[in-house]
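Heads up: the structure comes next, in structure tokens.
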2 protein chains.
Amino acid sequence: MNNKVKLPTYSISELAKEFEVTTRTIRFYEQQGLLNPARQGQTRIYSPKDRVRLMLTLRGKRLGFSLAESKELFDMYDSTTQGNEKQLLYMLDILSKKQADMRQQLSDIQRLQEELNIAESRCQDALVKVRQRDEKKASTQQRKVG
Amino acid sequence: MNNKVKLPTYSISELAKEFEVTTRTIRFYEQQGLLNPARQGQTRIYSPKDRVRLMLTLRGKRLGFSLAESKELFDMYDSTTQGNEKQLLYMLDILSKKQADMRQQLSDIQRLQEELNIAESRCQDALVKVRQRDEKKASTQQRKVG
DNA sequence: ATTTTCCTTTACGTAAACGTCAACCTTGAT
DNA sequence: ATCAAGGTTGACGTTTACGTAAAGGAAAAT
């Protein structure tokens, strides 16, 4: 194995820009135990692993995970290699619950998508009607003016 | 048309039970303009329309909509029948943004589902290994005892 | 009659996830 | 040398979505 490839690093503002969050957010996530950047003096140096975690945290947020939940999943996943039976069973339990959540969300989304489509059609229809009415008004005005 | 069919009504606690929320939540939603129950004296009487709105609000929440966003969608949808062109265009804009959000969420979910499956497999593997190890330990103990 | 039961309003409390200063290094450019 | 750009640690403020407790009305059961 080659453990000697130099991995890229990132500054806090680079990550902030890439993921469109503030540096405050990134520091807050560290404070909550989601990130663990190295230090060079005082300055934080982020590894690809940190970057992935940030990415996952943000995706988790979009899906309604709290920061605490994301942290729990990270921690469990990390300890999976040396976890004892009880921990592993607990993790499997959590995973199956999350999967159930995701199935629920999937169905929520699909239904909402349909409804948004319906609303859009209805809205388009209304728009056409408004425009037809306004055209009539305009032509009436024309006749007045002409 | 028959407008005279008697629609069912619901008490606040009936709705609370059905949707597994507190009455506090339901009153709060009303305060935020999401529900508009009739009154019988002081007591709130909920119509099927209120019930649907509650349902939609809760589904919205599961998908990361704020109460204000849900309210905006409700209000716009209600005013769609008599909306002017500007409003309709605005609504169409919102709708297309929401649809983009939903597409993003859909892809987020699908990726997360894959990852959860991978994590689950990995976890199952680890579990098997732990159990094999523990079996060996146990049989060693057996030999000591026997 | 009185005690539950269900409902009401008012109002203060709270947790999560940051925003927003303030006050301070450090380091490369001018 | 100084100054702007980016980094740091507090620490208090803010918004959202309710929780929780107080104080009480009305009606139904015992």
Side-chain angles (χ1 to χ4, degrees), chain A residues 8-47 50-51 53-75 98 101 104-105 108, chain B residues 8-47 50-51 53-75 94 98 101 105 108:
Chain A
T9 64
Y10 313 90
S11 77
I12 193 167
S13 54
E14 281 171 355
L15 289 186
K17 197 176 284 184
E18 179 176 358
F19 294 106
E20 298 179 297
V21 296
T22 65
T23 58
R24 174 71 179 91
T25 299
I26 296 180
R27 288 192 202 98
F28 181 73
Y29 288 176
E30 176 181 352
Q31 198 183 320
Q32 301 304 306
L34 289 157
L35 304 175
N36 230 348
R39 295 286 180 133
Q40 178 173 278
Q42 285 221 110
T43 312
R44 281 164 246 250
I45 308 287
Y46 296 86
S47 69
D50 290 317
R51 186 176 162 280
R53 280 205 167 201
L54 177 53
M55 203 165 57
L56 292 174
T57 302
L58 294 173
R59 195 182 61 192
K61 272 201 55 185
R62 290 197 298 269
L63 296 176
F65 286 54
S66 72
L67 299 183
E69 282 176 314
S70 291
K71 175 178 159 52
E72 193 182 7
L73 284 174
F74 290 162
D75 289 352
K98 292 297 168 195
D101 282 1
Q104 166 74 23
Q105 279 210 34
D108 280 346
Chain B
T9 64
Y10 313 90
S11 77
I12 193 167
S13 55
E14 281 170 354
L15 288 185
K17 197 177 281 183
E18 177 176 359
F19 294 106
E20 296 180 296
V21 296
T22 66
T23 58
R24 174 70 178 93
T25 298
I26 295 179
R27 288 194 202 97
F28 182 73
Y29 288 176
E30 176 181 352
Q31 196 182 322
Q32 301 306 304
L34 290 155
L35 304 175
N36 231 350
R39 297 283 180 137
Q40 177 171 276
Q42 285 223 108
T43 312
R44 283 164 246 252
I45 308 286
Y46 296 86
S47 69
D50 291 318
R51 186 177 162 281
R53 281 205 167 201
L54 177 54
M55 204 165 57
L56 291 174
T57 302
L58 294 172
R59 195 182 62 190
K61 273 201 54 183
R62 290 197 299 270
L63 295 176
F65 285 54
S66 72
L67 299 184
E69 282 176 315
S70 290
K71 173 177 159 53
E72 192 182 6
L73 285 173
F74 290 162
D75 289 352
I94 300 250
K98 293 296 169 197
D101 282 2
Q105 277 208 37
D108 281 345

Output the distance between atom OG (A:S11) and atom CD1 (A:I45), rounded to the nearest 0.5 Å.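 Nearest 0.5 Å value for the OG-CD1 distance: 8.0 Å.
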Going by atom type alone, with no hydrogens or angles, which donor-acceptor pairs under 3.5 Å involve a side-chain atom of residues 61-75 of chain B and a protein atom two or more places apart or on another chain?
unit_1 : atom_1 : unit_2 : atom_2 : d
B:R62  : NE     : A:D108 : OD2    : 2.6
B:R62  : NH2    : A:D108 : OD1    : 2.9
B:R62  : NH2    : A:D108 : OD2    : 3.3
B:S66  : OG     : B:A68  : N      : 3.4
B:S66  : OG     : B:E69  : N      : 3.1
B:E69  : OE1    : B:S66  : N      : 2.9
B:E69  : OE2    : B:K98  : NZ     : 2.9
B:K71  : NZ     : B:D75  : OD2    : 2.9
B:E72  : OE2    : B:Y90  : OH     : 2.9

Could you tell me how far apart [X] ([atom1]) and [N] ([atom2]) are, to the nearest whole angstrom?
{"X": "A:I45", "N": "D:dG7", "atom1": "CD1", "atom2": "P", "result": "10 Å"}
{"X": "A:L35", "N": "D:dT8", "atom1": "CG", "atom2": "C1'", "result": "17 Å"}
{"X": "B:E69", "N": "D:dA17", "atom1": "CD", "atom2": "C1'", "result": "14 Å"}
{"X": "B:Q31", "N": "C:dC12", "atom1": "CD", "atom2": "P", "result": "14 Å"}
{"X": "A:E30", "N": "C:dC18", "atom1": "CD", "atom2": "P", "result": "15 Å"}

For residues 12-29 of chain A, which residues have at least one heavy atom under 4.0 Å from DNA chain D?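 Going residue by residue through residues 12-29 of chain A, the ones with a heavy atom under 4.0 Å of DNA chain D turn out to be A:I12, A:S13, A:R24, A:R27.
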For DNA chain D, what residues of residues 60-68 of chain B have any heavy atom nearer than 4.0 Å?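 Residues of residues 60-68 of chain B that come under 4.0 Å of DNA chain D are, in numerical order, B:K61, B:S66, B:L67.
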Please enumerate all residues that pass side-chain hydrogen bond (donor to acceptor under 3.5 Å, both in side chains) together with A:T43, with sequence neighbours excluded.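 Once residues adjacent in sequence are excluded, A:T43 has no partner under the side-chain hydrogen bond (donor to acceptor under 3.5 Å, both in side chains) criterion.
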Results of side-chain hydrogen bond (donor to acceptor under 3.5 Å, both in side chains) for A:T22 - residues two or more places apart only: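 With sequence neighbours excluded, A:T22 shows a side-chain hydrogen bond (donor to acceptor under 3.5 Å, both in side chains) to A:T25, given in chain and number order.
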Can you list every pair that meets salt bridge (Lys or Arg N to Asp or Glu O under 4.0 Å) and has a residue in residues 12-29 of chain A, with sequence neighbours left out?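 For residues 12-29 of chain A, and leaving out neighbouring residues, the salt bridge (Lys or Arg N to Asp or Glu O under 4.0 Å) pairs sorted by first residue read A:E18-A:R51.
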Exercise: identify the closest heavy-atom pair between B:I26 and B:L15: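 Where B:I26 meets B:L15 most closely, the heavy atoms are CD1-CB, 3.8 Å.
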B:L54 and B:Y46: CA distance, side-chain angles, deciding distance, side-chain contact (heavy atoms from CB on, under 4.5 Å) verdict: CA-CA 10 Å; B:L54 177 54; B:Y46 296 86; over 6 Å; no
Can you pull out every side-chain hydrogen bond (donor to acceptor under 3.5 Å, both in side chains) where at least one residue sits in residues 32-41 of chain B? Sequence neighbours excluded, please.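 Sorted result for residues 32-41 of chain B: B:E30-B:R39.
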Are the side chains of B:L58 and B:Y29 in contact, using a 4.5 Å heavy-atom criterion?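 With C-beta onward as the side chain, the pair touches.
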Report yes if some heavy atom in the side chain of B:D50 is under 4.5 Å from a heavy atom in the side chain of B:P37; otherwise report no.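 A side-chain contact exists here, since the closest heavy-atom pair is under 4.5 Å.
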Tell me whether the OP1 or OP2 atom of C:dC7 has a side-chain N or O from B:S11 closer than 4.0 Å.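 Answer is yes, contact under 4.0 Å.
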A correct 5'-to-3' footprint of nucleotides 23-29 of chain D, with B, S and - meaning base, sugar-phosphate only and no protein heavy atom under 4.0 Å, is -------
